[in-house]
Amino acid sequence: MPRLLGLFLFLLISAPAANADDGYRLWLKYDLISNPQLRKAYASMARFITCSENDPVSKTACLELQAGLQGLLGRPVLIQASGSKPGTIELLLLPKGAPDADNLGKDGFKIQSARGRLTIVAAQPSGLLYGAFELLRYIQTEGKTGELSGVRRPRVQFRMLNHWDNPLGTIERGYAGASLWKWYELPETIDPRYRDYARANASIGINAVVVNNVNASARFLTPEYLSKVKALADVLRPYSIKVFLSINFASPKILGKLKTSDPLDPQVRAWWQEKVREVYSYVPDFGGFLVKANSEGEPGPQEHGRTHADGANMLADAFRPHGGLVIWRAFVYGPDPKGDRFKEAYQEFKPLDGQFAPNVVVQVKNGPIDFQPREPFHPLFGAMPRTPLAMEFQITQEYLGFSTNLVFLAPLFKECLDSDTYARGKGSTVARVVDGSVHDYPVTVMAGVANTGSDRNWTGHSMSQANWYAFGRLAWDHQHSSARIAEEWTRMTLTQDPSAVATIKDILLGSRETYVRFTTPMGLHHIMGQGIHFGPEPWLARSARPDWTSIYYHRADSIGLGFDRTSQGSQALSLYAPEVQKQWSHPDSCELPYLLWFHHIPWDKTLSSGRTLWDELCFRYYAGVEEVAVIQARWKTVQSQVDPEWFADVQGRLAAQHREALNWRDACVLYFQTFSQKPLPPGLTPPKRTLEEMKRIVEIYQLR
Ligand code: BDP
């Protein structure tokens, strides 16, 4: 081959595709604004940035703003120490005690524009940082998703990611590669990704991260690991992010070689006080501990005959001199074959209301079982007026299709947040419980189990970036609509083309309902593959614990399907306020999406849809699969408007999702048919595979 031709071919093969976007930049792309008029308009507004503050967070705000604007406008934007001529964006901290400062609070900001000058005002540096990102978002979305001027304040103080990352680099329930944290390289080597991670979080208002798994290794409290944690905290601090650690409750025994970890033992208490003091000597602004205790085999105070409050308060005592928080998880359930797991956290924690120290927050999962595709809100929300309750959502898609399924979670988060607990009358939504306005909580926290990992695009499925984004935006302000969040993210990440934006937004907004339809329609829950939590396993009847089986939850028999939690059944419904009970207590008026959560419904019963339970169930499973095919077809229509690498990645994953949806449909329909003993309703073609074949397919996932 002539050498020149060889060189040409080499260049052709090795050159990156035009516009190739590997997803690394997330929603912080800052590519040149393509519309020249808009670019001109923004450019005249942003020639200079005035930054008079010198603290690290304010400096970050200025530099981020500069970098973002320069990318978007395609020309230099100068940072100056003073000056406010037209074309200047001024970042201003209010003097202490200024009348507006209280109104803005710690992280709030005000953006105003007058006579060609734009000002971002805040009471604290973090407010400037969030204001800078708000301005960038406004420009990135071409002003299409909201106003620029005005006051913004987060509704929740701690907007937090929980990483379930292990010391050896694996991530519990992580589907995007290995852990971001390279513990063995820290503290000497600082991966540049840590900073990019911090930027992404700050851009959506996340200000706290728990870096390690709730099933915690004690090693994080050793001096060696504390110096690693310090190195991470140093990278995150200029982005106004506090570091927290999950702890192992038995650390006094494991690390301190004490005979016990009893929270009332004076030596144990002294050990924790000294340990917490030591933590602060590494990280002076340390956030606090997250604790999973007496849950799924983790150690806790109950082994010593003590309560969750005893355990939490002991740690809270140790934090008192330093100002940190103890976040104690309410995710507990005992293996009672006669009981109902739905009720257990409530029964354990409700009686402790009022017994926790002021710096304790109890963290509650959004629903009573475990991050299912749809759950009713957890009955503890609204039931603990004297204990600040944190929300725990799961962003990583453990029960929502790992990283092969396109599922936009904002609607799931919103459904829970907008649910009314009626704790203090109508309008006492879960969101308002969590933001402290229903019970005047002194501390407020919203946590999300992170979906990030070492994959180049951070989240495995590129579209799952939208879930990280949505969590942050909702933790900042739960009043944002899912539609707005979807549109912001799409415009910042994928395209400005109006018809592609509309299509992608639509795909995102419907995707969770589609997932529910082909996996757990009408209130079915916890029928997934054992252990791995992938794929369907509705027939699962034996496990180490009864409440880890599927039959415990769906209760299928020859009469019907669903878990009776009414007064005739487990009475779990009685944990809710009377108004909520009313919504769900009668099978005729209970909304179909929640029906089988609360009722055992005969196969023949005609539902509000006009179909029998059996027919409706089949229709939903089939519709779910068809909807995935529709998503595939619609995704094809945006091909010319999105980056080719993104397009191909999503297209491949959608094809996998379709295959998985078919597995769910066939497995569930065939299995439930063994109880209903009915043919498929007319118009639906029976599955091509047998139940035995489906069982074999699922079995494969259980192989080591
Ligand atoms: C379950 C997960 C398990 C977690 C647990 C938790 O399967 O890996 O450790 O939640 O939240 O859903 O503690």
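Counting starts at 1 for both ligands and their atoms, in listed order. Residues take their numbers from the sequence shown, with the count starting at 1.
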Between Gln363 and Asn162, is any side-chain donor less than 3.5 angstrom from a side-chain acceptor?
yes

What are the atoms of ligand 1, with element, lying closer than 4.0 Å to any heavy atom of Glu172?
3 (C), 4 (C), 8 (O), 9 (O)

Trp584 vs Tyr576 aromatic rings, parallel, tilted or perpendicular, using cut-offs 30° and 60°?
perpendicular

Which ligand 1 atoms are under 4.0 Å away from a heavy-atom of Phe331?
5 (C), 6 (C), 10 (O), 11 (O), 13 (O)

So do the side chains of His554 and Phe563 get within less than 4.5 Å of each other, counting heavy atoms only?
no

Beyond-backbone contact of Phe289 with Val276, side-chain heavy atoms, under 4.5 angstrom
yes

Can you report which non-hydrogen protein atom sits closest to atom 13 (O) of ligand 1, along with the distance?
Lys292 NZ, 2.6 Å

Under 4.0 Å from a heavy atom of His533: which atoms of ligand 1 are those, numbered in the order shown and with their elements?
7 (O)

Counting both backbone and side chain atoms, is some N or O of Arg329 under 3.5 Å from an N or O of ligand 1?
yes

Verify the distance criterion only: is there a donor paired with an acceptor across the side chains of His478 and Asp435 at less than 3.5 Å?
yes

Side chain, backbone, both or neither: which part of Asn215 comes within less than 4.0 Å of ligand 1 when only heavy atoms are counted?
side chain

Counting heavy atoms only, which of Lys365, Glu296, Gln363 is nearest atom 10 (O) of ligand 1?
Lys365

Is the gap between the ring centers of Phe393 and Phe413 under 6.0 Å?
yes

Just heavy atoms, cut-off under 4.0 Å: does Arg173 contact ligand 1 by side chain, backbone, both, or neither?
side chain

Going by the order shown, which atoms of ligand 1 are within less than 4.0 Å of some heavy atom of Tyr399?
1 (C), 7 (O), 12 (O)

Side chains of Asn451 and Gln397: any donor to acceptor distance under 3.5 Å?
no

Out of Ile532, Val214, Asp370, indicate the one that has the non-hydrogen atom closest to atom 1 (C) of ligand 1.
Asp370

Angle class for the Tyr441/His439 ring planes (parallel below 30°, perpendicular above 60°, tilted otherwise)?
tilted

For atom 2 (C) of ligand 1, what's the nearest protein heavy-atom neighbour? Residue, atom name and distance, please.
Glu398 OE2, 3.2 Å

Are any of the N/O atoms on Glu392, whether in the backbone or the side chain, positioned under 3.5 angstrom from an N/O atom of ligand 1?
no

